[in-house]
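Structure record follows, encoded as structure tokens.
Just so it is clear, the values below take in all heavy atoms, side chains as well, and ignore hydrogens, waters and symmetry mates. Keep in mind the model is a prediction, meaning the values are calculated, not measured. Proteins come first, then strands; the chains are lettered A, B, ... in the order of their sequence lines, and each starts at number 1.
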Amino acid sequence: MQQVVCKLTELQPGELKEIQFGRISLVIGRTGAGELFAFSNRCIHQGAPLSKGKLCGTSAPTDLPGQYSYVKEGEVLRCPWHGREFDVTAGGQMMSDPRRALGRFQIFVAGEDVVVSTLNKPEKGEVADEQK
Amino acid sequence: MEVKQGQITDGLLETGIIDTDIHERVLYPDLVPYLDNPWRRYITDCGWIQEKHLPYTQPTVAGLNRADAALPDGRPAGSDLAFLRSQLLDELNIRYGILTGALDPSPSSMNGWHEMATALASAYNDYQIEHWLEKDSRLYGSVHIAAQDPLAAAREIDRVGPHPKMVQVLLPIDNIVWGDPYYHPIFAAAERNNLVIAMHHNEPAVYFGRFPRYFIEWHTLISTAHMMQVTSFVFNGVFEKFPNLKLLMIEAGFTYVPHLMRKMDQQYRDLRHEVPWIKRLPSEIVREHIRFTTQPMEEFSKAEFEQWLDLLGSEEMVCFSSDYPHWDFDHPVGGFPNMRDSLRQKIFHDNALALYPKLPQDQGRCPRCSRSFASSPNCNQES
Ligand code: FES
């Protein structure tokens, strides 16, 4: 299944959007750097609508207790309920437990359109290329 | 797992759900019309606000609330009945919801000026009745008191406790353990008004009277503050003195309880002589008199969840709570493992119904035709 979900101009870097993909609600967005992502809109913890969360950064893992270093601005999707962090640049991995990840969908640009697909194409690298 | 409105009833629970922890949000301006002078003028003229202590209010993306519970016009989460109805009561098919307040102000937590605390509690109760309890048949309320002055608190319980929609007296957990005989007039008043005593933590300083460095430590250790209260109630003989009294411990979950019951039993076997008014095992007292809310739920498999209930020795001690609209809200489907229908019925409905004698005791069935309200929506639940 493949569906045009919006124009690229309607989805600015750093933005999140809820879209209907067939019968499934998805959260789509663009990182601060403009890379597209699409995930199921239901958090894998208790089912919160992720589109109501925040696209933000986070504190980098460190070996030094007390050290805060804010990184990955615009690459971390935080759930609106319990605040779990998902790395949208790493397939929606939960940052506190990378064995778990959000349900992921393909998203790419075709002409001016943003297209979401369940098919295994194009790969993420190609998506980035198309946006250039 | 797609959860749709009514699914809980259609597929899981015919009776609907009883939610034992819903935080309506009340702001000082809401209370002003219900305050006499000088209390009103201290707020309107002098800008009085209650002291707060918690150094961290940042756990998630909207602070201490669910990000999707903030009102579209910018008002704080939990402050609008219509929004709460649609996002919680209708969406999750809540049959009865027990309001527990935002705990801000929490009159019983004020460190001084008990007269102001007493006035605030009364104003809060009057506001709650008029703007929430009498506006939605599903909502039931908590009597707020200034427990530092137990006699004044008992008078307030006698004043508003008889209201048909008041089901409990709410005590915060901060820096007072409430089992002390000094506070027993409160429990006498609750018992004579057929009210449960409910405790919900406010901002207990869980590190020997101080706050830990990080929120994650504080939030992990909230159950220790609840353990102090349960221990205090049991060994101070509250339930021996008030045999019809029930206590609900709100928002520390239930996984700490098996440990505490076992530990109290062991101590009792050794040290009974110090508390000779206690005439049976503490675990028996807990099972008979105390209930615990589910939230905040740890993640369980079905087997783990049942094991924990086995350790409690009862399926009747745990009551569902959502904690709406706070950030650690638990969803009645997404937050729980699969479970037997009979167990689900108890946890999401029957245990709370048994706890609160003032809730309509009709098992979700129309008293006239005996059909479930869920299957025959034309029956009037208020009849
Ligand atoms: S529902 Fe998303 S973190 Fe809990």
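A:E85 CD to B:T60 OG1: the interatomic distance, rounded to the nearest 0.5 Å, is 9.0 Å. A distance of 9.0 Å separates CE in B:M297 from NE2 in A:H45, rounded to the nearest 0.5 Å. Atoms SG and CZ, from A:C79 and B:R66 in turn, are 9.5 Å apart once rounded to the nearest 0.5 Å.
For chain A, the nearby part of B:Y214 is the side chain; its heavy atoms alone come within less than 4.5 Å. For A:C56, no part lies near chain B; criterion is any non-hydrogen pair under 4.5 Å.
Residues A:Q46 and B:F336 fail the side-chain proximity criterion, which asks for heavy atoms closer than 4.5 Å. Here the side chains of A:W81 and B:D68 are in contact, with some heavy-atom distance below 4.5 Å.
Under a cut-off of 6.0 angstrom, the local environment of NZ in A:K54 is sparse, with at most 12 non-hydrogen atoms contributed by other residues, nucleotides or ligands. Annotation: A:E15, atom CD; neighbour count of heavy atoms from other residues, nucleotides and ligands within 6.0 Å is above 12. Within 6.0 Å of CD1 on B:I216 lie no more than 12 heavy atoms contributed by other residues, nucleotides or ligands. Counting non-hydrogen atoms of neighbouring residues, nucleotides and ligands closer than 6.0 angstrom, the CZ atom of B:R75 exceeds 12 such neighbours. Heavy atoms from other residues, nucleotides or ligands lying under 6.0 Å from CG of B:N338 number 12 at most.
One N or O on the side chain of A:H82 and one on the backbone of B:F329 form a donor-acceptor pair closer than 3.5 Å.
Taking all atoms of both residues into account, the shortest heavy-atom contact from A:K52 to B:A67 is O-CB, 3.6 Å.
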